[in-house]
Structures are given as C-alpha cells and as structure tokens.
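Everything below concerns the one structure shown next.
Here is the naming used below: chain letters follow the sequence lines, and residue numbers restart at 1 for every chain. Note that the structure is predicted; figures quoted are calculated from it, not measured.
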Number of protein chains: 2
Amino acid sequence: MIEASTDGRIQRGDATRRAILRRAVDIASVEGLDGLSIGRLATDLQVSKSGVFAHFGAKQELQLATIRAARAIVDDHVVRPALEVAPGLDRLRTLLDRWLRYSQDRVFPGGCFFFAAQAEFDARPGPVRDAITESGSQWTRLVESCVREAAQLGELAADTDPAQLCFELTAFLDAANLFSLLHDDPLAYERARVAIRARLRFPTPG
Amino acid sequence: MIEASTDGRIQRGDATRRAILRRAVDIASVEGLDGLSIGRLATDLQVSKSGVFAHFGAKQELQLATIRAARAIVDDHVVRPALEVAPGLDRLRTLLDRWLRYSQDRVFPGGCFFFAAQAEFDARPGPVRDAITESGSQWTRLVESCVREAAQLGELAADTDPAQLCFELTAFLDAANLFSLLHDDPLAYERARVAIRARLRFPTPG
DNA sequence: AAGTTGTACGAACGATCGTACTATTACTTT
DNA sequence: AAAGTAATAGTACGATCGTTCGTACAACTT
C-alpha cells in the first residue's frame with residue numbers, strides 16, 4: 001500500500017516531477033531519450049535547470065524515470081483495456097487495436113514512445129537500453145500469451161506458432177507507426193489492420 | 001563522364017572524405033545522425049576537427065553526405081544484386097533475402113542504417129528528414145514494383161494488392177532488424193524468412 | 001518557538017558542441 | 001622559379017551540455 005502523503009512539500013514535489021516527466025516523454029518520443037536535455041526541459045516548463053536536475057540527480061536517472069512514465073501511459077491506453085476483455089481472440093484483437101489507436105492518436109507526438117526508444121538504443125549498451133529491452137520483452141510476452149490463449153481456445157488454426165504469429169503481428173504495428181510518421185500517411189494503419197485481420201482469420205476450407 | 005583527377009591534392013582529399021564518411025555511417029547507425037559529431041569523427045580518424053569540418057562546411061551537410069554514402073552501400077549490397085536477377089518472384093525473393101543478409105551481416109554495426117535514421121527523424125522536420133524519407137520512398141517503390149512484376153507474371157495470387165503486400169514484407173524486414181539488435185537474437189531473421197516464405201507462396205488448393 | 005526537512009533557485013564548473021578565422025603544407029599551373 | 005590552389009592544422013568563439021554548490025524559503029516536527 002502506498003499512502004498518500006499529507007506533506008505539502010512532497011505533494012508539490014510530486015506534482016512538479018509529474019509535470020517534468022509528462023513533458024519528458026513527449027520530447028523523448030520526438031527527439032529521442034538522448035536528445036532530451038535538462039536545460040530544454042527547464043526552459044519549456046519555466047523552472048530552473050537545477051530544479052529539474054535535483055529531481056533525478058543524474059541525466060540517466062531522468063531517462064529511466066521517463067521510460068517508467070511512458071510505460072504507465074502505455075499501460076493505461078493499451079494494456080489495461082485489453083486485459084479487461086475475456087482471454088481469447090477478442091482480447092488479442094482488442095490489444096492490437098488499442099495499440100494502433102494509441103499510436104495513431106499520437107498519445108506521444110512522436111508516435112509510439114517505445115518504438116522510438118528501441119530504435120535509438122538497439123545498438124548501445126547500458127542501463128537505459130536494458131530498461132527499454134525489458135519493456136519490449138514484456139510487451140512481446142503479453143502479445144504472445146494472448147495469441148496462445150486464443151489458439152488454445154480453438155479460435156486460431158491448430159498449427160499456429162504463437163511466437164511466429166506474435167512476431168508478424170507486432171511487425172505490422174511497428175511498420176504502421178513508422179510509415180505513418182515518416183510519410184504523414186494514416187493509410188499505413190489501414191494496411192496494418194488489413195494484415196492483422198487476414199492473419200487472425202480462422203482458415204476455413206473453400 | 002567523370003574524369004579521374006590527376007591532381008594529387010584532390011585525390012588525397014577524396015580519400016579522406018571517403019574515410020570520414022565510412023566512419024560516419026558506422027557511427028550514425030549506432031548513435032544516430034544527430035549523435036554523430038565532428039569532434040568525435042576527428043578523434044576517431046586522428047585528424048583535426050577543422051579538417052573534418054572543412055570537407056562539409058556544416059554539420060547538416062555532413063549528415064546529408066552520410067546519408068548518400070549509406071545509400072551507395074545499400075545499393076551495393078542489396079539493390080544491384082537483386083536487379084541482376086530476372087524480374088518476377090526470383091528477383092523479389094533475392095531482394096528480400098539480400099536485405100536480410102545485409103542487416104544480419106551488420107554491414108553497419110547498428111543494423112540497417114536507414115531503419116535507424118528513419119526512426120530517428122520520423123517526427124522531426126528539415127532537410128535531413130526529407131532526404132531520409134525520399135530514400136525510404138524509393139525503397140518502397142522498388143519493393144512494390146518487384147511485387148507487381150511477380151504478380152503480372154502470374155507468380156503470385158491474382159488478387160494480390162502490391163502496396164499491401166509490400167507493406168507486410170518490409171514490416172517483416174524491419175522487425176527482424178530491430179528485434180535481432182535489441183535482443184541479440186538471430187532467430188528474428190528466421191522468423192522473417194518464415195513469414196516471407198508463407199506470404200510469397202502461391203496459394204494452391206488443398 | 002526552534003529546529004529539521006524538502007523544494008527550488010542562481011551562479012559557476014569543465015567539457016563538448018558547431019562554426020569561424022588564420023596559418024601551414026603540398027601539389028599544380030604558368 | 002613564381003604564383004596559385006586545395007587539403008589540413010591550429011586556435012578561438014559563443015552556446016549548450018551535465019553537474020556541483022551554496023542559499024532561500026516553505027512546510028513539517030518537536
């Protein structure tokens with residue numbers, strides 16, 4: 001249990017921290033987690049640079065906190081709504097559709113935060129990369145488990161390879177996110193939906 | 001016709017420029033085109049910062065030249081070999097396979113240069129972004145034209161939508177590139193190959 | 001009321017960034 | 001041999017980076 005603090009100082013600090021992180025995730029989704037700078041953050045929020053810095057103690061801590069803040073937002077928009085649907089094909093479809101809407105609605109101005117972060121750190125070592133890959137692994141496991149449940153319920157072909165299908169489905173998501181951003185073309189999301197629909201249609205003879 | 005210069009100064013300058021750009025594409029594939037810095041480049045190559053700078057006159061010109069250099073490398077490894085194969089399914093398969101090998105062989109240490117660059121600039125305006133999106137468009141057109149040729153030759157299902165299939169195929173490529181980098185797992189390339197094979201198999205009844 | 005704690009500020013640090021100017025050196029042209 | 005040109009080096013600039021430090025002030029504890 002986390003008790004709500006009655007200490008006005010801490011409440012004020014938390015509010016500031018939230019404001020910083022809300023701005024941080026938006027900046028990072030566009031400029032990258034490395035492009036995110038403390039001075040820029042301070043200027044945007046009209047506070048002092050040292051004030052921002054004091055909340056995290058180090059640039060890397062700011063980056064890690066930004067990742068955690070982004071995760072909370074994705075959980076709100078994508079994961080939790082899907083988990084409210086009964087396991088099976090419905091949940092899987094909801095999960096994928098929620099992700100596409102989360103990306104398309106530009107919850108982050110730079111599209112999916114984690115796609116940007118993954119692409120930025122995919123070839124660099126360090127704790128920031130580790131935090132990003134861990135988030136990626138959890139997302140993959142979630143999608144794969146939804147596929148597996150749907151298959152076990154007989155809502156997908158019996159010979160379905162969950163890991164393979166998961167790879168293909170998430171490939172469509174990321175491709176739609178990237179293409180729509182690069183070419184400012186929402187048609188990419190329609191392409192992803194078409195591809196997903198075809199891939200999740202139970203193969204009927206004839 | 002471009003005449004080979006006999007001016008030793010210019011030849012030396014060209015050699016230096018090539019060395020700079022070869023290092024630049026490698027750095028940029030890992031750290032990003034923005035992470036690429038003139039000072040870092042000079043230190044790595046053991047030349048003066050102003051010497052590097054003089055070759056380009058501005059950071060942005062260095063970035064644009066780096067993009068052109070990367071294109072030449074991709075053309076060598078992927079595009080040209082595929083265009084040597086007769087149009088149709090063979091050419092399409094060659095193109096996709098060459099791309100997967102180019103990514104997997106880490107021709108650039110950070111995987112596909114253009115995937116990294118696209119993800120970095122997909123939400124930022126400017127000439128660098130424009131150059132990257134243009135390269136992306138040309139790649140898409142190439143893949144799509146190969147699909148279209150294969151379809152017209154009757155090597156793909158008659159109801160094939162070239163743009164849609166192109167979207168799905170390139171989605172598999174990018175996903176393999178990203179996943180293999182993030183999790184240091186070559187299995188991603190196998191998944192992409194499986195997905196591509198299934199997608200390019202002419203649907204036979206039964 | 002006195003003392004403690006937590007937030008935020010302002011100034012300054014060394015490092016690095018991109019860029020601008022001025023040699024210096026090597027080669028070509030006349 | 002002299003003049004000219006191109007590549008590279010050297011130095012310095014203003015800006016920004018992450019970080020440190022001392023301080024002011026508000027809020028809580030005793």
Side-chain angles (χ1 to χ4, degrees), chain A residues 2-24 27-28 30-67 120-121 124 126-128, chain B residues 2-24 27-28 30-67 69 120-121 124 126-129:
Chain A
I2 298 171
E3 306 182 30
S5 169
T6 61
D7 190 328
R9 296 171 302 183
I10 292 181
Q11 286 184 333
R12 189 164 56 105
D14 283 354
T16 306
R17 193 186 156 94
R18 271 195 300 274
I20 293 172
L21 289 175
R22 177 64 242 193
R23 189 87 195 88
I27 294 176
V30 174
E31 321 262 0
L33 272 166
D34 242 32
L36 181 65
S37 89
I38 296 171
R40 159 82 186 278
L41 221 34
T43 304
D44 283 16
L45 297 171
Q46 311 232 58
V47 295
S48 72
K49 207 169 79 159
S50 54
V52 173
F53 180 84
H55 275 278
F56 306 98
K59 166 85 178 271
Q60 186 173 281
E61 266 314 308
L62 166 63
Q63 293 175 318
L64 294 172
T66 302
I67 293 170
E120 184 180 5
F121 282 89
R124 295 193 241 178
V128 175
Chain B
I2 297 171
E3 308 182 28
S5 168
T6 60
D7 189 329
R9 297 171 301 182
I10 292 182
Q11 287 184 332
R12 190 163 54 103
D14 282 354
T16 306
R17 194 186 155 93
R18 272 194 301 273
I20 293 172
L21 289 175
R22 178 63 244 194
R23 189 88 195 86
I27 293 176
V30 174
E31 321 261 0
L33 272 166
D34 242 33
L36 181 66
S37 90
I38 296 172
R40 159 82 186 279
L41 222 33
T43 305
D44 282 16
L45 297 171
Q46 310 230 59
V47 294
S48 72
K49 208 170 82 161
S50 55
V52 173
F53 179 82
H55 275 278
F56 305 97
K59 166 86 178 271
Q60 186 173 280
E61 266 315 307
L62 166 63
Q63 293 175 318
L64 294 172
T66 302
I67 293 170
E120 184 180 5
F121 281 89
R124 293 193 243 179
V128 175
R129 176 217 164 94

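- Look at CG on Leu62(B): it is 13 Å from P on dC17(C), rounded to the nearest Å.
- Every residue meeting the side chain to side chain contact (heavy atoms under 4.5 Å, CB included) condition with Phe53(B), not counting sequence neighbours, appears here in chain and number order: Ile38(B).
- In this structure, Leu33(B) CG and Glu120(B) CD are separated by 5.5 Å, a value rounded to the nearest 0.5 Å.
- Nearest-nucleotide mapping onto DNA chain C: of Thr16(A) and Gly39(B), the residue sitting toward the 5' end is Thr16(A).
- For Asp14(B), the side-chain hydrogen bond (donor to acceptor under 3.5 Å, both in side chains) test picks out no residue, with sequence neighbours left out.
- Going from atom NE2 of His55(A) over to atom P of dG18(D) covers 16 Å, rounded to whole Å.
- Using a 4.0 Å heavy-atom criterion, one finds that Val52(A) contacts no nucleic acid atom at all.
- The CZ-C1' distance, from Arg40(A) to dC17(C), rounds to 17 Å in whole Å.
- In this model, the phosphate group of dT8(D) is not approached by any side-chain N or O of Ser48(B) to a distance below 4.0 Å at OP1 or OP2.
- Put simply, CD1 on Ile10(B) is 6 Å from P on dA7(D), counting in whole angstrom units.
- Atom CD of Gln63(A) and atom C1' of dG18(D) are 11 Å apart (whole Å).
- Qualifying side-chain hydrogen bond (donor to acceptor under 3.5 Å, both in side chains) partners for Arg22(B), counting only residues two or more places apart in sequence or in other chains: Asp26(B).
- In this view, Gln63(B) and Asp34(B) satisfy the side-chain hydrogen bond (donor to acceptor under 3.5 Å, both in side chains) rule, not counting sequence neighbours.
- Sorted by first then second residue, the side-chain hydrogen bond (donor to acceptor under 3.5 Å, both in side chains) pairs that include residues 35-46 of chain B, not counting sequence neighbours, are Arg23(B)-Asp44(B), Arg40(B)-Asp44(B).
- Taking atom CG on Leu41(A) and atom P on dC17(D), their separation rounds to 11 Å, with Å as the unit.
- As a whole-Å value, the separation of Glu61(B) CD from dG18(C) P is 15 Å.
- dC17(D) atom C1' lies 12 Å from atom CG of Leu36(A), rounded to whole Å.
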What nitrogen or oxygen pairs link the protein and nucleotides 26-29 of chain C at under 3.5 Å?
unit_1  : atom_1 : unit_2  : atom_2 : d
dC27(C) : O2     : Arg9(B) : NH1    : 3.1
dT28(C) : OP1    : Thr6(B) : O      : 3.1
dT28(C) : OP1    : Gly8(B) : N      : 3.2

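- Within the 4.0 angstrom heavy-atom criterion, base atoms lie near Ala54(B).
- Under the rule for a side chain to side chain contact (heavy atoms under 4.5 Å, CB included), the partners of Ala65(B) that lie at least two apart in sequence or sit in another chain are Arg17(B), Leu21(B), Phe56(B), Arg68(B).
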N/O to N/O distances under 3.5 Å, protein versus nucleotides 19-24 of chain D:
unit_1  : atom_1 : unit_2   : atom_2 : d
dT19(D) : OP2    : Lys59(A) : N      : 2.5

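- Of the residues Val47(B), Thr66(B), Leu36(B), the one that meets the side-chain contact (heavy atoms from CB on, under 4.5 Å) test with Leu41(B) is Leu36(B).
- Listed by chain and residue number, nothing satisfies the side-chain hydrogen bond (donor to acceptor under 3.5 Å, both in side chains) test with Arg129(B) (two or more places apart in sequence, or in another chain).
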